[in-house]
Amino acid sequence: MRILLIGPGSIGVLFGGKLALAGNRILIYARPHFSTILKEHPLKLTDIINKEHVVPNFEKAPPIPELIKLSPQEFPKICLITTKSYDLESVCREYQPVLNKIPIIGLIQNGIGNEEIIENNYPNSIIFRIITSHGAMRENISHIIHTGIGNTSICQIKPPYENISAENKQIIKEFTDNLQYAGFELKLNKNPLEAIWRKALTNIGINAIGALTQLTNGELLKSESLLNLIRKTINEAILIANKLQIPLDPSFDYVQNTLEVLKNTATNKNSMLQDVLRKKKTEIEFLNEKIVNYGKKMHIPTPINKTLSQLIHGLENSYIL
Ligand SMILES: NC(=O)C1=CN([C@@H]2O[C@H](COP(=O)(O)OP(=O)(O)OC[C@H]3O[C@@H](n4cnc5c(N)ncnc54)[C@H](OP(=O)(O)O)[C@@H]3O)[C@@H](O)[C@H]2O)C=CC1
Ligand SMILES: CC(C)(CO)C(=O)C(=O)O
């Protein structure tokens with residue numbers, strides 16, 4: 001199957017690389033320096049059992065004007081976007097002719113509200129989110145390491161499944177079969193918003209606090225006062241979710257789940273901490289700051305998430321010009 005992938009960083013190379021190793025053809029749109037390096041160095045993926053693979057069938061996509069002229073047989077069937085959430089708006093603009101033509105767009109990202117950006121720009125597309133708890137890290141630009149395994153949920157956003165044509169249903173089935181064949185354990189989620197918020201609540205609880213303290217997930221677990229702060233941060237976000245009528249699962253303990261994630265990923269430096277250490281922009285605006293903004297609209301104060309967001313922006317300002 002031909003798949004277009006925009007933004008081959010850690011998670012993009014993990015998903016794209018494993019799909020390519022399973023026999024799919026991955027066409028990528030990357031930053032110019034990545035495409036240059038790919039010409040000179042083979043793309044490598046170290047799997048979870050520490051085996052190194054050279055990834056085949058992972059190639060630079062033709063320039064946009066050429067890609068859109070490809071025949072229906074050659075044109076990719078689906079587009080995966082794996083940039084950071086804050087790059088979505090610019091991706092929508094930069095790849096407009098392609099995204100207008102490709103019927104199915106999948107986002108492999110963390111955060112709340114990402115799909116709204118695609119919906120606003122591409123109201124006729126079939127949109128789904130892929131929420132994953134796999135972990136991937138860059139050894140260097142052309143070598144990615146699979147650092148943790150977990151579940152992956154396919155969250156269908158729009159349109160309702162019954163409104164999708166038989167042809168596109170077949171493409172979605174082929175894609176999900178290919179993902180499973182590539183080694184991703186999949187859950188087709190009947191409650192997509194719950195899956196998105198479940199992952200986001202974990203990131204809301206852990207990421208900013210880990211980034212500010214520079215503690216690993218396991219080290220956070222050892223501090224009763226930080227655990228208390230994590231609990232309060234998540235509970236404040238749950239209050240907003242409930243006001244927004246997000247269908248959270250009343251029988252599920254989102255705080256306890258976060259503590260278990262901390263335990264299962266004890267050696268991890270969370271992704272926001274990694275961004276801060278690399279002096280990169282963080283995804284705070286799609287996590288804690290999203291809660292603050294929803295709160296503002298509904299006149300509900302969110303002091304903990306607000307303070308965390310301000311501190312992270314302060315940190316970003318200390319290194320981003
Ligand atoms: N890494 C992980 O383990 C996990 C990540 N996620 C989520 O997945 C998403 C991606 O994360 P991750 O892979 O770690 O991030 P990375 O920064 O490693 O990868 C994103 C890539 O997209 C590139 N990019 C940005 N804009 C464009 C563009 N316009 N055209 C082409 N390429 C572009 C970036 O280039 P440049 O760096 O030059 O800007 C970068 O190489 C995030 O939302 C993250 O939260 C979810 C689960 C696990
Ligand atoms: C689950 C967790 C918190 C693991 O570190 C993560 O998703 C992240 O680092 O962004």
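A quick note: this is a predicted structure, and the numbers were derived from the prediction, not measured. When a ligand or atom number is given, it counts from 1 through the structure's own listing order. Values below: all heavy atoms of this structure, side chains included; hydrogens, waters and symmetry mates excluded.
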- [ ] Could you check atom 1 (C) of ligand 2 against the protein and tell me its nearest heavy-atom contact, residue, atom and distance included?
- [x] Val261 CG1, 3.6 Å
Open item on the list: Could you check whether any side-chain heavy atom of Ile130 comes within less than 4.5 Å of a side-chain heavy atom of Phe184, counting everything from C-beta outward?
Closed with: no
Task: Mode of His134 contact toward ligand 1 - side chain, backbone, both, neither (heavy atoms, under 4.0 Å) - done: backbone
Task: Under 3.5 Å: donor-acceptor pair, side chain of Asp253, backbone of Val255 - done: yes
- [ ] Look at atom 20 (C) of ligand 1 and say which protein heavy atom is nearest, naming residue and atom and giving the distance to 0.1 Å.
- [x] Thr82 O, 3.6 Å
Task: N/O separation below 3.5 Å, Ser271 to ligand 2 - done: yes
Open item on the list: Looking at ligand 1, is there an atom of it that comes within less than 4.0 Å of some heavy atom belonging to Gly111?
Closed with: no
- [ ] Would you mind checking which non-hydrogen protein atom is closest to atom 37 (O) of ligand 1, with the distance to 0.1 Å?
- [x] Lys280 NZ, 3.2 Å
Task: atom 3 (C) of ligand 2: the protein heavy-atom neighbour that sits closest, reported with distance to 0.1 Å - done: Asn207 OD1, 3.6 Å
- [ ] Could you check which of Ser90, Ala136, Ser10, Ser35 puts a non-hydrogen atom nearest to atom 14 (O) of ligand 1?
- [x] Ser10
Open item on the list: Quick check on Tyr95 - does any of its heavy atoms sit under 4.0 Å from an atom of ligand 1?
Closed with: yes
Task: Protein contact of atom 45 (O) of ligand 1 - nearest heavy atom, named by residue and atom, plus distance - done: Glu283 OE1, 2.6 Å
TODO: Measure from atom 5 (O) of ligand 2 to every heavy atom in Asp275, Asn217, Asn203, Thr265 and give the option owning the shortest one.
DONE: Asn217
Task: Atoms in ligand 2 with a heavy atom of Asn270 nearer than 4.0 Å - done: 5 (O), 9 (O)
- [ ] May I ask whether Met272 has any heavy atom positioned less than 4.0 angstrom from an atom of ligand 2?
- [x] no
Task: Winner among Arg31, Gln109, Arg138 once heavy atoms are compared against atom 41 (O) of ligand 1 - done: Arg138
- [ ] Tell me which part of Ile11 gets within contact of ligand 1: side chain, backbone, both or neither, using heavy atoms under 4.0 Å.
- [x] both
Open item on the list: Quick test of your reading of the structure: of Asp275, Leu107, Leu14, Thr83, whose heavy atom lies closest to atom 33 (C) of ligand 1?
Closed with: Thr83
Open item on the list: Quick one about Gln310 and His313 (side-chain donor to acceptor, distance below 3.5 Å, no hydrogens or angles considered), yes or no?
Closed with: no
